[in-house]
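Structure, as structure tokens:
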Amino acid sequence: MSGSLASIHSEQASLVLECRATGAPLWRHLGARVDPAGLAALADTRTAASFSLDGDVPLATVPPAGLGWFGPAAVALRRAGRTLVPAFGAAAVEHSEGAIVVRLADVAEGLALEQRFTLAPGGAILCDAMLTNAGTEAVGVDWLASALLPLSSASDRIVSWRGRHNAELVEVTEAMPQQTWLREGRRGLTGHGGAPGLVVLEAGANHASGTVLALQLAWSGDARLSVERDDEGAWVLSAGAALLPGEVTLEPGESYTAPQAILGLSTQGRNGAMAQHHAALRARLDWPGGAMRPRPVHLNSWEACYFDHDADRIAALAEAAAGVGIERFILDDGWFRARNDDTAGLGDWTADPVKYPDGLKPLADRVVALGMEFGLWVEPEMVNPDSDLYRAHPDWALPGREHPTARSQLVLDLRRAEVRDYLFGALDALLRDLPISYLKWDHNRDLAPAGGAAQVAGTYALLARLRAAHPLVEIESCAGGGGRSDAGIAAYTHRFWTSDNIDAVSRVGIQRGFLAFLPPEVMGSHIGASPAHATGRGQSMGFRAAVAMPGHFGVELDPRALSDADRAELAGWIAFHKQWRALLHGGSVWLGEGADGLVWQAQGCRDEFLLFALRAAPAQDRRPQPLRLPFLAEAGACTIELLRIAGGEGGHAAHRPALWDGGAQVFSGSWLAHAGLPLPPLKAESVAIFHVKVAA
């Protein structure tokens, strides 16, 4: 297939490879949609470069590292104590309308590598790589890139996220590197910087326009992403699982598959790339019954009572939850044997006989009788040294010379089948004995000692087995808040706890970072107490509720501790969310910034959506500037109703323009895109919520 082209095209982007008789295909284009018809061979477009090898070595899908390619390697291998430098000479490329399959072989070394590039629903490109040992001796794998991709010479900056517990998803923008940009995880799980991913923007790109490339790995363990500039002036993006030294050894006939890379390519800015990732993630979600039902409104018991609870107190909390309209009640940490704080009990998954002398069934039945679903907190991957499980099986913790604890707990070795069998048995018994429809699955420490990729695979295997046995049970991924929110575990779970920080001002940035790769219906967003437990800051009920509205909505407080007025307002916000959640979940998301520090978010579909205009800090300007909504440029007449202004109560009056006292208003889409929507004044910590309907 020498000199021929293999390409796949979405509505906005193209991936074009040049096939060769020998060797991996060459990259010709990855970016905005192009027509490659009549394209000359790459060799005819490149001139000899001074002080370089006589044979030209352009970027291929697997470049010959160590044999003339001096950029990042696609593979790093060992055999019999020596570095193995593969030379994939034999190549076969299969090409269909939505997929390219590249099969490479190094016959002399007994290696086979398969790469797949597949167009996903919604426009993302899925990148897969699998290495097989076709030889007669074992091969050690130190690295296999999920994707090794060219970046446009017009690339201007990189957006990524960093974070810690209670401060997840802090957005970081950096200029394109002159040498190497690197993001690498070493904690054994995704981490509080969110999904292992990055966004690369070309010059002038923003949320609404410009060419954007966004990549995330479908992986819940350590990952390495890098962007490296070579001496030809181009950048190469490399992404894959960060393997432990010596962790992966392939015996003859065995294969190693790298985590899938999900690639969004958009000429419609960051919002366009975000939409592609949301569509790809929705295709991975395994909803009970095959389709998402309306996301039940939660009440989680943790911040209402922490460990200090018993059957009577939780029953009273459940009564109060039902009274404000809660649909799913979750009993958090503290329900199992010897669990009065975080120093004991993990691993012993039976009800505490002191707190719950009759077990959990009377409570669970009471919750169901109140018209709510019953959910339960578990942390299966962990064990306290002060537990019956650890006393019986101290060798079940991840092995190492030392065993540092965190939150007084160790990590169970999920690489071992007997450990997974025990955990499945304990959870299966709970799910068979109790009417549990939901598990809040927590993971409250980094891995030290490390468990590597096999630990992640063990977790996936346990989750898959549990889902197969109990397909109607939903599972939340929580890890000290947002420490494991990624596309890998999304194949087994249905919700992510975004952060233990429920302070509404903090949540604005955290939730916008979450939405870069994951859709709103899986984003756990609760109304917390005021003052917030994580920060000590207080906010109005309306502001807290409006910030939580766009995600999977819930409550993390005790309604009984509220005044009558606040409790009635809470019930009103829960009813408001139920009224609009069908529009908020499963559709499109648009993010943007307005003038003077205002941010906005729209959710729904092209012809109907809710618009949230949010101000966290006080305005500096006397009057708000009109809010431009670029995605409506081609829309027809838009009927807009101001549903409510949440927050900003008290003090000097904020006068509402007469425009918004007269019911719904009509604007053309072009006016809203280029002139903007007139806004009412918004105080600090307030949100204007609009309902928008677009004429056909």
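Model, not experiment: these values are computed from the prediction. Count residues from 1 along the sequence.
Aromatic rings from F609 and W600 are positioned such that their centres are separated by 6.0 Å or more. Remark: aromatic rings of W497 and H526 are close, center separation under 6.0 Å. H577 has its ring centre less than 6.0 Å from the ring centre of H585.
Side-chain atoms of H494 and E474 include no donor-acceptor pair closer than 3.5 Å. Side-chain contact, H192 with R164: no donor N or O sits under 3.5 Å from an acceptor N or O. Judged by distance alone, the side chains of E97 and H9 never bring a donor and an acceptor atom under 3.5 Å apart. Counting only N and O atoms by type, the side chains of D503 and Q539 include a donor and acceptor under 3.5 Å apart. A donor and an acceptor atom, one from each side chain of Q620 and D596, are nowhere located under 3.5 Å apart.
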Evaluation steps, side chain to side chain contact (heavy atoms under 4.5 Å, CB included), between Y492 and D286
CA-CA 7 Å; Y492 312 97; D286 179 19; over 6 Å; no
Worked verdict on F514 versus L169 for side chain to side chain contact (heavy atoms under 4.5 Å, CB included):
CA-CA 7 Å; F514 181 97; L169 292 162; 3.9 Å; yes
Between R33 and L265, is the side chain to side chain contact (heavy atoms under 4.5 Å, CB included) condition met? List the steps.
CA-CA 9 Å; R33 181 164 181 146; L265 282 166; over 6 Å; no
Stepwise side chain to side chain contact (heavy atoms under 4.5 Å, CB included) test for S160 and E174:
CA-CA 8 Å; S160 63; E174 301 167 271; 4.0 Å; yes
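Within a 6.0 Å radius of CZ in R162, no more than 12 heavy atoms belonging to other residues, nucleotides or ligands are found. Atom NZ of K693 has 12 or fewer heavy atoms from other residues, nucleotides or ligands within 6.0 Å. Annotation for R512: atom CZ counts as buried by contact number, over 12 foreign heavy atoms lying within 6.0 Å. Around the CH2 atom of W671, the shell of radius 6.0 Å holds no more than 12 heavy atoms that belong to other residues, nucleotides or ligands.
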Return a table of donor-acceptor pairs under 3.5 angstrom between the side chains of residues 631-648 and protein atoms on other chains or two or more places apart.
none

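Between W181 and L237, the closest side-chain pair of non-hydrogen atoms is not below 4.5 Å. Under the 4.5 Å side-chain criterion, counting only non-hydrogen atoms from C-beta, L119 is in contact with I125. Counting heavy atoms from C-beta on, the side chains of W573 and M549 come closer than 4.5 Å. Using a 4.5 Å cut-off on side-chain heavy atoms (C-beta onward), P519 and R282 make contact. Counting heavy atoms from C-beta on, the side chains of L198 and R183 never come closer than 4.5 Å. Contact of the V522 side chain with the L281 side chain is not registered, since no non-hydrogen atoms from C-beta on lie closer than 4.5 Å. Residues R270 and L591 fail the side-chain proximity criterion, which asks for heavy atoms closer than 4.5 Å.
Rounding to the nearest 0.5 angstrom, the gap separating the CZ atom in R656 from the CG atom in L679 is 12.5 Å. From L263, atom CG reaches atom CD of Q216 across 10.5 Å, with rounding to the nearest 0.5 Å. Atoms CZ and CG, on R628 and L677 in that order, are 13.0 Å from each other to the nearest 0.5 Å. To the nearest 0.5 Å, the span separating CG on L614 from CG on L598 amounts to 7.0 Å.
In this structure a side-chain-to-backbone donor-acceptor pair under 3.5 Å is present from S477 to R484. H278 contributes a side-chain N or O that, together with a main-chain N or O of L518, makes up a donor-acceptor pair within less than 3.5 Å. Formation of a donor-acceptor pair under 3.5 Å by the H165 side chain with backbone atoms of A479 is not found in this model. With hydrogens and angles ignored, the 3.5 Å screen pairs no side-chain donor or acceptor of W590 with any backbone N or O of P630. For Q12 (side chain) and T267 (main-chain N/O), a donor-acceptor pair under 3.5 Å exists by modelled atom type. Looking only at distances, a side-chain donor or acceptor of H277 sits under 3.5 Å from a matching main-chain atom of A214. Within the 3.5 Å criterion, the main-chain N or O of R623 finds no donor-acceptor partner in the side chain of D621. One N or O on the side chain of D486 and one on the backbone of I489 form a donor-acceptor pair closer than 3.5 Å.
Between P150 and L30 the shortest heavy-atom distance is O-CD2, 3.7 Å. Of all heavy-atom pairs between C127 and S146, the closest is CB-O, 3.7 Å. Across all non-hydrogen atoms, the minimal contact from S10 to G123 is CB-O, 3.8 Å. Among all heavy-atom pairs drawn from T190 and A195, the shortest one is CG2-CA, 3.9 Å.
Electrostatic pairing of R544 and E569 does not count as a salt bridge here, judged by no charged N lying under 4.0 Å from a carboxylate O. Ion pair E556/R507 not flagged as a salt bridge, since none of the NZ, NE, NH1 or NH2 atoms sits closer than 4.0 Å to an Asp/Glu carboxylate oxygen. Look at R116 and D128 and you find no salt bridge, because none of the NZ, NE, NH1 or NH2 atoms lies under 4.0 Å from a carboxylate O.
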